[in-house]
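Following: one structure in structure tokens, then a few remarks.
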Amino acid sequence: MFNTKTNENLVGVFDNEDTLINAIKNIKKSSYKIKNVFTPYPIHEVFHELHMDSRLPYLAFVYAATGTVSVFSFIYWASAVNYPISVGGKPSLSITYIICMFVLTILSGVVLSTATFFGIQKLFPGKTPAIIHEGITNDKFVIVIEKQSGMSEGVVAEINKLFISNGAIETGFKNNIEDI
Amino acid sequence: MYDAKIRGELVEGNKSYADISRDIMEPIETAAPSWWLPAMFVSLCMLAFGVWAGYTTVTTGIGAWGLNNTQGWGWDIINFVWWIGIGHAGTAFSIFLLILRQKWRTSINRAAEAMTVVAVCCAGLFPLIHMGRPWMAFFVFPYPNTRGPLWVNFNSPLFWDVIAISTYLTASATFWYIGMIPDFATIRDQTTSPIKKKIYGILSFGWVGSARGWLRYEALSGILGGLSAPLVISVHSIVSMDFATSVIPGWHTTIFPPYFVVGAIFSGFGMVLTLMIFIRKFYRFEQYVTNGHIDAIARILVFISLIMGTAYATEVFIAWYSGSEYEFYTFFKNRITGDHMIGFWGMVICNAIIPQLFWLEKVRKNLAVVFIISLFINLGMWFERFTIIVTSLSKDYLPSNWSDYSPTIVEIGIFVGTLGLFTFALLLFFKYVPMIAISEVKGILKGTKLTKAKDV
């Protein structure tokens, strides 16, 4: 289920959002591919620079629409097919179904979207993550470049130099970092 | 765009990102303040009173309450609606202000969401215990059963209430928890205590703040916000239909859904104000919950108060203009005058008149006065629910049926118990959960500062 493949990575640690964005732009111009970026809070410019987009909203629409259809089908089946009750001659198929459909559409959208988020992001209680730097959830910003097999020491030194020249306060190695 | 030069700084004190983490984590990392344990003791005593009252209700029956054939609803539904109203603050704050891209929400949303979740739980206890046999509560859900199967009435506002409130609780709790995951990760990485590291590690679900994670996180927040915003409107509209779809004078009105929704947001914001002034003062969060935040809430409250005043006036006007003698009686002889006039005038004064003081800048800047006004709003909203329920039920179409209502010690006990539960849960929240959303405050820091964020 989870990717257990080992990998080696070079990390550059930054202490400022602007420096990080600038570094991402400059690294993109070089021949090295950014593997991942870690930040203490969401930065839209990072998403933009890394050309990332999420399809979660489309899924949410599908989930909510599924909820609408299922709830309508169930209420219709229960009230009109399985056990129809005549209340003052009112029709079994009623406009008031809309209220249940409306509320449960929201419920299915919320629950399934959240479950999808946890699933695709592989988040679960008790997961032991690979902590790249103890400051990534506090005040540090990290850019990761994967150390490809066969990468010479010279190239590694060049990448580290690239980090430093773009304002990194620290560089290092870290194993098993997830891909973007 | 937010302009700090015009609107003021949202986080004062030229904080760095590390300062923000440290400040917000301080109540978790340090010993509880001296008042915390005594407050916990008081809340547990109140809760114990509530447990006794609940036990008495279940073992004796609903006869232990002051209800009768005429007055079928009393403190149970008054307090249910009151708590649900308070529970509207979290979503109103977090979600409306999130959708409207209001950056000042970040210092307040976490506490407002916590309050929402606890208030909705308190609210849910009332219909549950009013069933008399709460262990049969699952009967209200449509499940395959051996009685036909006989399904619930999908056209009943009482059933709509069940699903609306369950959905609201699920959505609010999910939104609250999702928001806390990055902050739990911050505590996991920053705390020095191995036990806390372990516990917050489990709670953080292994969050590390990767770019893709943040992208999906933001997308999910938008989805939850977008889906839950209509829920704020629908929940209290549905609660109002418990009343409005009946034929009781004073209830059978089309103004009820919007009137209830606005009232709920009003009471929610009132309680948020009470809570934030408390947190700000006792946890020294003045640099995060600034005077500007309090000012913004007060401005919203004065506007909503005007809507409340208009709604009250409209109800009274229509009672006269409709020509219905029953409506006229209810409003003019049983609310404005009569046995329950204290409740009616308490409602008008607390909700429509006193908050008008917020027009004055001097009042908005005086936190003691703001705090007192926020308490009046909470009280006024309780009076509103009392007035609606008791005046309409006590004297309806048939004078021989008229009856008065006063709560018994058991009903009072259940209400006090929910107040105890609310206080107990909030005290735990103060101690064990970051009261301000750490990552969200960091996210707005750069754009809302007068000076550049200092380097760490």
Side-chain angles (χ1 to χ4, degrees), chain A residues 15-17 36-44 46-47 50 52-54 56-57 60 64 74-75 78-79 82-83 85 87 90 94 96-97 99-100 102-107 109-111 113-114 117-118 120-132 134-139 178 180, chain B residues 16-18 20-21 142 148-151 153-155 159-160 163-164 166-167 170-171 174-175 178 181-182 185-186 188-190 201-203 205-220 222-224 226-228 230-231 234-235 238 438-440 442-443 446 453 455-456:
Chain A
D15 63 353
N16 187 298
E17 181 185 322
N36 210 336
V37 173
F38 293 83
T39 56
Y41 56 88
I43 302 171
H44 288 205
V46 172
F47 308 151
L50 299 177
M52 290 195 303
D53 206 2
S54 173
L56 204 53
F74 170 70
I75 298 180
S79 317
N82 186 246
Y83 203 118
I85 300 174
V87 182
K90 288 177 188 168
S94 166
T96 52
Y97 286 8
I99 293 172
C100 294
F102 176 82
V103 174
L104 294 170
T105 294
I106 293 171
L107 183 66
V110 166
V111 172
S113 304
T114 308
F117 169 75
F118 285 133
I120 53 175
Q121 201 55 38
K122 294 176 186 134
L123 297 176
F124 54 89
K127 178 183 175 186
T128 315
I131 309 276
I132 296 100
E134 69 278 3
I136 49 165
T137 53
N138 184 24
D139 60 345
E178 61 187 271
I180 205 151
Chain B
S16 69
Y17 298 126
I20 293 172
S21 304
L150 191 61
W151 300 105
N153 183 359
F154 296 105
N155 297 326
F159 175 67
W160 302 340
I163 54 164
S166 317
T167 301
T170 311
T174 307
F175 194 75
I178 296 286
I181 287 176
T186 305
R188 173 199 67 201
D189 296 343
Q190 298 306 309
I202 293 169
L203 293 173
F205 284 33
W207 177 264
V208 282
S210 70
R212 177 71 68 188
W214 279 121
L215 177 73
R216 288 174 178 151
Y217 177 92
E218 287 248 297
L220 183 69
I223 291 164
L224 296 186
L227 282 170
S228 305
L231 206 57
S234 72
V235 172
I238 288 171
I438 301 174
S439 64
E440 291 190 50
K442 286 176 187 167
K446 196 177 146 203
D455 291 339
V456 185

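In what follows, chains carry the letters A, B, and so on, assigned in the order in which the sequence lines appear, proteins first and then strands, with residues in each chain numbered from 1. Predicted model, so just to flag it, every value in this text is computed and none were measured.
- With chain B as the partner, the residue from S54(A), P40(A), P129(A), P42(A) showing the most heavy-atom pairs under 4.5 Å is P42(A).
- Comparing I85(A), I131(A), T128(A) by how many heavy-atom pairs each has under 4.5 Å with chain B, the most go to I131(A).
- The choice from S166(B), G213(B), A164(B), G222(B) that makes the most heavy-atom pairs within less than 4.5 Å of chain A is G213(B).
- Under the side-chain hydrogen bond (donor to acceptor under 3.5 Å, both in side chains) criterion, S21(B) pairs with N138(A), K442(B), sequence neighbours left out.
- With rounding to the nearest 0.5 Å, the separation of CG in L56(A) from CZ in F117(A) is 8.5 Å.
- The ring-ring contact (aromatic ring centres under 6.0 Å, His included) check on W160(B) picks up nothing, with sequence neighbours excluded.
- Both the backbone and the side chain of I163(B) come within contact range of chain A, judged by heavy atoms closer than 4.5 Å.
- The part of L104(A) that comes within reach of chain B is its side chain, from C-beta onward, which places non-hydrogen atoms under 4.5 angstrom from that chain.
- For W151(B), the part sitting under 4.5 Å from any heavy atom of chain A is the side chain, from C-beta outward, and nothing else.
- Proximity to chain A is absent for every atom of L203(B), based on heavy atoms less than 4.5 angstrom apart.
- Of the listed residues (A64(A), A60(A), C100(A)), the greatest number of heavy-atom pairs within a distance under 4.5 Å of chain B belongs to C100(A).
- T186(B) touches chain A through backbone and side chain together, each having a heavy atom under 4.5 Å away.
- Contact count against chain B (heavy-atom pairs under 4.5 Å) is highest for I120(A) among V46(A), I132(A), I120(A), I136(A).
- The shortest distance between side-chain heavy atoms of V208(B) and T137(A) does not fall below 4.5 Å.
- With a 4.5 angstrom heavy-atom cutoff, I238(B) touches chain A only via side-chain atoms.
- Of the listed residues (I43(A), T96(A), D53(A)), the greatest number of heavy-atom pairs within a distance under 4.5 Å of chain B belongs to T96(A).
- The contact between I178(B) and chain A is made entirely by side chain atoms (from C-beta outward), counting heavy-atom distances below 4.5 Å.
- Separation of atoms CZ (F175(B)) and OG1 (T114(A)) is listed at 10.5 Å; rounding is to 0.5 Å.
- Side-chain atoms of T174(B) and L224(B), non-hydrogen and from C-beta on, do get closer than 4.5 Å to each other.
- A ring-centre distance under 6.0 Å is found for F205(B) and F118(A).
- Interface remark: of the candidates L215(B), L220(B), I223(B), L215(B) forms the most heavy-atom pairs closer than 4.5 Å to chain A.
- With rounding to the nearest 0.5 Å, the separation of NZ in K127(A) from CD1 in I202(B) is 14.5 Å.
- Ring-centre distance between F154(B) and F159(B): below the 6.0 Å cut-off.
- No other option in A171(B), S210(B), A219(B) has as many heavy-atom pairs under 4.5 Å with chain A as S210(B).
- Q121(A) and Y217(B) form no side-chain donor-acceptor contact under 3.5 Å, judged by distance and modelled atom types alone.
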